[in-house]
Every structure is written in structure tokens, then in C-alpha cells.
There are 2 protein chains.
Amino acid sequence: MVATIVDVAHKAGVSIATVSRVIHGSTLVHPTTRARVEQAMAELGYTPNVVARGLVTRRTQAIGLVITSLADPFFPPIVQAIEETALDHGYSVFLCTSSNDPAREIAVVRQLRERRVDAIIVAASRVGSLYHAHLEDIKVPLVLINNEQSGAYTYSVGTDDVAGGRLATNYLLALGHRTIGYIHGPLVKQSTQDRYRGYELTLGERGMKPDPRLVAAGDGQAAGGQKAMHELLQRQPRPTAVFCFNDATAIGALRAVRAAGLSVPGDISIIGYDDIAFAAYTEPPLTTVAQQTHELGRRAMCLVLDLLAGKEVTSITLLPQLIERDSCARCTHGE
Amino acid sequence: MVATIVDVAHKAGVSIATVSRVIHGSTLVHPTTRARVEQAMAELGYTPNVVARGLVTRRTQAIGLVITSLADPFFPPIVQAIEETALDHGYSVFLCTSSNDPAREIAVVRQLRERRVDAIIVAASRVGSLYHAHLEDIKVPLVLINNEQSGAYTYSVGTDDVAGGRLATNYLLALGHRTIGYIHGPLVKQSTQDRYRGYELTLGERGMKPDPRLVAAGDGQAAGGQKAMHELLQRQPRPTAVFCFNDATAIGALRAVRAAGLSVPGDISIIGYDDIAFAAYTEPPLTTVAQQTHELGRRAMCLVLDLLAGKEVTSITLLPQLIERDSCARCTHGE
DNA sequence: ATGAAAGCGCTAACAC
DNA sequence: GTGTTAGCGCTTTCAT
């Protein structure tokens, strides 16, 4: 049997209230008594039961973190950052994956409600609103990552994807490219629309506009990127550079270009988005628009902490950054 | 304020015991009463408080999962599988990352103790024993993944790495290679020793033995693999094939070969280990020894479930499997 | 500086 | 079938 506060109190010859006080470092306890209690705790190998504590304080010191899937390389750094920050502040995190499966999403929400988590962070862009609706009555703070839903109890931290789209497009433009394609991610995602919007806006500033023949549909994964690039390669005009929704898409695109016997960046430049861990190891290493993933997670958790501390907080937007590697080169085709 | 069992009882005009019975689907409650209670729960938006429940049942229905880091692509699939299996059985998982930092490891153990998790799964190969020692007095089942520590309260599930080493070596041998190198992972890991052992044993069966000049030290990451391969390339004899501790190492090796102006698999064959998600997308796609990562996680969680159900269980060893892609070819150098 | 006592929301005997 | 009641381990007034 695990030792309880009563055991400690008994052994130290004090009341449980006193033990509780030393646990919390209260100053109004005699040094001698404190020492006695601490020794008793040590001898008993006592560890406070935070479950019991949570029952009375109505704070579980735990948060729920729901993501779509850890298989998407974009999430691990975020999860890691959240966990680190949480641990540093005495919070634990329940990890939940929804797999974009409605049944699981429901199960996850129920689970988190039952556990009375102090807050929830959702990094599964599809439906932050679902969580919001299901959690409204329980009034737990909800922080969304890369999914701007607004409303009471909802805050978010995300990347400025329009700026990201601009960054990529401007870079390609500066390299002399004028026939620039875009491969979309899942169209339901706000992020692919925003990145496209940045591309469109930047082109517009040069008096150009997206050519539908240069835009293809991907799925946010390598397979979709490969297929989309394959299509783009047979279109007229053929793009000299392609901006991909994300790195996975770019990796697929890289493969399609190779399959066509063409080279990157010799024949065609490719730029990705996210800067996942593997981006530095593709062939050629992928030039990409980096999201500050670790920071995204850290800030989300900090937001939660502030919210829980009753502070005023506002949603946060982080700026993406261009990472130059070797998949883009100056355009050599005459204009 | 969130509704409690008392509110429901009050609203339905029954005692809390009856409400508790319908929550648990007890049969000895009148259909009419049940309906009334269920309606009250629905109207109140009532959700049982599992924290309170855990206090009395002494089962939190939560487990702790500790891994070194999510940055290592080997872990995500395992974590995902554990989470899925846990959710399916009504368990929640606290994710903890240790980052191989002793201070954090201590913090993690303390946190898990305080939370009174029902069991702990450790997938951070370095020191399962640490957890064991720190958790001994609390008597919580400990399941290790890919780390064979034995002793009371300790069970494990892992991959037969000696078999994996054999698989890789036999494959290379069958391709006609006779000058086969090995790039180690962190030497403190049992897994790199085991994989090497499989390599050694298989060579031995052909009357051969590892040539120290063909063995280099890596660090389990791309950087180390690149450096190691770079060294190997200038050794005499130069290997015609190299077995790498893991895929990350192989990816680095791939890069070193390219940097030397050589080709894979034309000049040198490379085989990895793990079959991480990215292995299919390297250039060329990586031939590798796959670990059943998802299964590793699922089985670990099942072991926990069985343990908690009081069943007899034994440790589990899974067999690796060869995944042929394009980084290995028949040896063309005369013997 | 310390103790007594009232819960937190729930389960599980035990009565009826 | 349903209700009463005694805790689970802890925090937190309120006394002293």
C-alpha cells in the first residue's frame, strides 16, 4: 500500500493539516516540526496524490492535447514543445489522436471532459469548432494551433500563412522565375488557401496572376504531391518553379520530377513549407518556408498557463521564415 | 459549475447510488427509473468525474508513456499505437519525454507517481532500470519497449535485433557482397550490439568475420552516419555494401556516398533499419529492415491491459522484416 | 504554530 | 430495485 498523508502525519506525530502545510512550503510551520515531517515523508517514500488533490482544488493540473496523427511529421515538434513546457510548470498532458475519425473525436472529447482537464489544446486543423461546441458547457479553455476559430473561450496560435506564401513566391520571383506553379494541400484547410492567397497577392504586385494551368491539387502528402507534379509536368506552359503546400508534398514532387528524367533545381525549382526534420535530407536538400513549430507548441502552452492564471491573453501569430537549401535555382529559361 | 452526481440524483428524484448504477449499466435498476436518470443526465450535460472515481476505485485508468524524444522518427508510430489501443480500452495516456536528461527523467517519474498512473510504458532505451528502481515501492507495472531489463514488475516487448542483423547481412551476402561494413549506433544501446551480433553471426556461418576496418562508429543520427560513411569510403578495403544501425544513419550514409561522387546502389549498397516513414522517400528509396513499430506499441499496451486484468503475461519479441527498395544491388566488383 | 473538521464527487458495501 | 453511509486522500477554513 502506498503511503498517504495520514501515514505521514501519524509517523511524525502531527496532524494532516501540518503535513499538508509542509508539502506546500507554508512558512507558518516550526522548523523542527517541518524537519520531523520531512523525515517521515522520506522514510515512508511518500508522494502526494495529485488525484485526490485535484478533487478538492478542482484543478487537475493536466491538459488535453489533441492532434490528428503523429504520423504527420509536422506534429511531433509541437507535441514535444507542449509537453516540455507543461512539465516545467507542473502540468501533465494527455495525448489524444483523432485520426480525423469522427467517432474517435467524440471519444476523445468525452475522455477529456471526464478527466476534468484544466484546458485543451487542439492541433488538428479540421474542426476546432467541434471541440468548442462539445466543451462549451464545461467551460474549459480551448487553444487552437494553426486553426483560427474565434469565439468565447477560444484562443489560437498560428503561423501567418499568407506571409509564408508571399515569402515563397517572392523568393522564386527574385530567382527570375515567372512561370510559377502551386500544388494545393487538402482544400478544406485554411492553410492551403492562405498560402495560395500569399502566392496570388505577390504575383498581383507584379501585375501577374495565378494561371489555373499552373495550379494542381495535392493532398498534403507525398503521394498527392507526386501525382500533382506529374500533371503539372505535362501542362503547357510548364512551370519553371513550383511552390508546394508542404514539405511532404514537395518530397512527392521531387520524385515526380526525377521520374520524368528532369532535375531539381536544374530544370525546375521546388520549394516546400513547414521545414520538417527530413527536409534537410532530401535530394537535393529542400528549400522551404519554415514554421516555428517548437515555438508554436511552446506558445500554445504558455497561453494556456496564462489563461489558467487568469491573465488577459490574445491570440498569437508567428512569422514563417525562408530556409534556403538546394532545391531552388535561378531561372535559366528565357522569358 | 459542472453538474455532479448529486445534481443528477436530485433532478431525477433518486439517490446517488441509483445514478451510479445507471452510469455503470447495472441491470438491477428499473427501466423507468433508468430512463428518468438518463434524461436528467442529458439535460444537465452530466459527465462522470473520473478523477473522483479514481480516488475511490484506486484505478486512474491512465498510464504513463515515457519516451526520449518525439524528434526520433522511430517513436511516433509507437506512441500512436499505444494511444489508440489505450483509448479503445478506456485508458488515457500521459505522454512524457525525457530527452535523455537525468533531471527530466526524475521529474517525469515523480509526476507519474503523483498521478497514480495504473502502469508505465517506457520506450526510452537508455535506462529502464532507473524507472524500475524509482517505481519499485509504488508497485506499478512497468513495460519496457526495446529494452530488455528483467526483474519483478518488469515486462518488455521488443524486436529481435540479432535476427534483424542476420536478415540484413544475409540479404547483402545473397546479392554477392563480401566486403560488408557496419555503422554502429550509440554503443550504449543494446540494439546496436545485437544488430552487430546478427551481422557477425551470419558472416561467421560463411566462414567470414567482421573486418574492423569495415566497421565505423555512428550516433544513430544522420550526421553520424554521414561522418562514418565518409570514413569508410577512404578505408582499404572499401566496402561494397554497408549495413547501417538505423535509417537515420543510412540517410546520412547516402549523403556521404553522394558527396564522394559515388552512387547508391551502383557503387555501394546501403541497407537501413527501422523503416521509418521517410525511408520510402529517400533517393534512392531505402532498402531496410523494418521493425513492426505500430505492433510494438499495440502489444505493449495490450501487455499493460493484461497485467492490470491480473492475467499471466510474458515478454514479447517481434520479428523484423526485410523491405526491399532500391538502395541495394547485386555486387558487381569481382571477388 | 498546530489541530479539528468539513467537504471535493464518486463507489461499494450494506440495509430495506 | 433503491437508499444510506462510509470512506478514497487531500485542502482549507476556523479554532485554539
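Throughout, protein chains are lettered first and strands after them, A, B, ... in sequence-line order, and every chain is numbered starting at 1.
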Rounded off to whole Å, could you give me the CZ-to-P distance for the B/Arg113 and D/dG9 pair?
15 Å
Quick one: on DNA chain D, does B/Thr18 or A/Tyr46 contact a more 5' nucleotide (nearest heavy atom)?
B/Thr18
A/His24 vs D/dT11: side-chain N/O to OP1/OP2 distance below 4.0 Å:
yes
So, the side chain of B/Arg115 versus the backbone of B/Ala62: is there a donor-acceptor pair under 3.5 Å, distance only?
no
For B/Arg59 and C/dG9, what is the distance between atoms CZ and P respectively, to the nearest whole Å?
25 Å
Could you please name the option among D/dG3, C/dT2, C/dG9 that lies closest to any side-chain atom of B/Val56?
C/dG9
Looking only at D/dT4, C/dT2, C/dC10, the nucleotide nearest the A/His30 side chain is C/dT2
Closest nucleotide of DNA chain D for B/Arg58 versus for B/Val29: which of these residues is on the 5' side?
B/Val29
If you go through the side-chain atoms of B/Arg21, does one of them form a donor-acceptor pair with the base of D/dG3 closer than 3.5 Å?
yes
Under 4.0 angstrom between A/Thr57 side-chain N/O and D/dT12 OP1 or OP2
no
B/Asp88 and A/Arg104 ion-paired at < 4.0 Å
yes
With distance as the sole test, does B/Asp7 use its side chain to make a donor-acceptor pair with the main-chain N or O of B/Thr4 at under 3.5 Å?
yes
Once you apply a heavy-atom cut-off of 4.0 Å, does A/Ser20 come out as touching a base, just sugar-phosphate, or nothing?
base
Given atom CZ of A/Arg53 and atom C1' of C/dC10, what is their separation to the nearest angstrom?
20 Å
Between C/dA6 atom P and A/Leu55 atom CG, what is the distance in whole Å?
17 Å
Interatomic distance, B/Arg115 CZ vs D/dC10 P [rounded to whole Å]:
14 Å
Please give me the minimum heavy-atom distance between A/Gln61 and A/Asp118, naming the atom from each residue.
N-OD2, 2.8 Å
Nearest-Å distance, CD1 (A/Ile16) to P (D/dG9)?
11 Å
Mind calculating the distance between CG (A/Leu28) and P (D/dT12) to the nearest angstrom?
13 Å
Rounding to a whole Å, what distance do you find between A/Ile5:CD1 and C/dA5:P?
17 Å
Would you indicate, yes or no, if C/dG9 has its OP1 or OP2 atom less than 4.0 angstrom from a side-chain nitrogen or oxygen of B/Thr4?
no
Are the side chains of A/Ile5 and A/Ser20 in touch, meaning some heavy atoms are under 4.5 Å apart?
yes
For a quick check of understanding: with a heavy-atom distance under 4.0 Å over all strands, which category does A/Val51 fall into, base, sugar-phosphate or nothing?
nothing
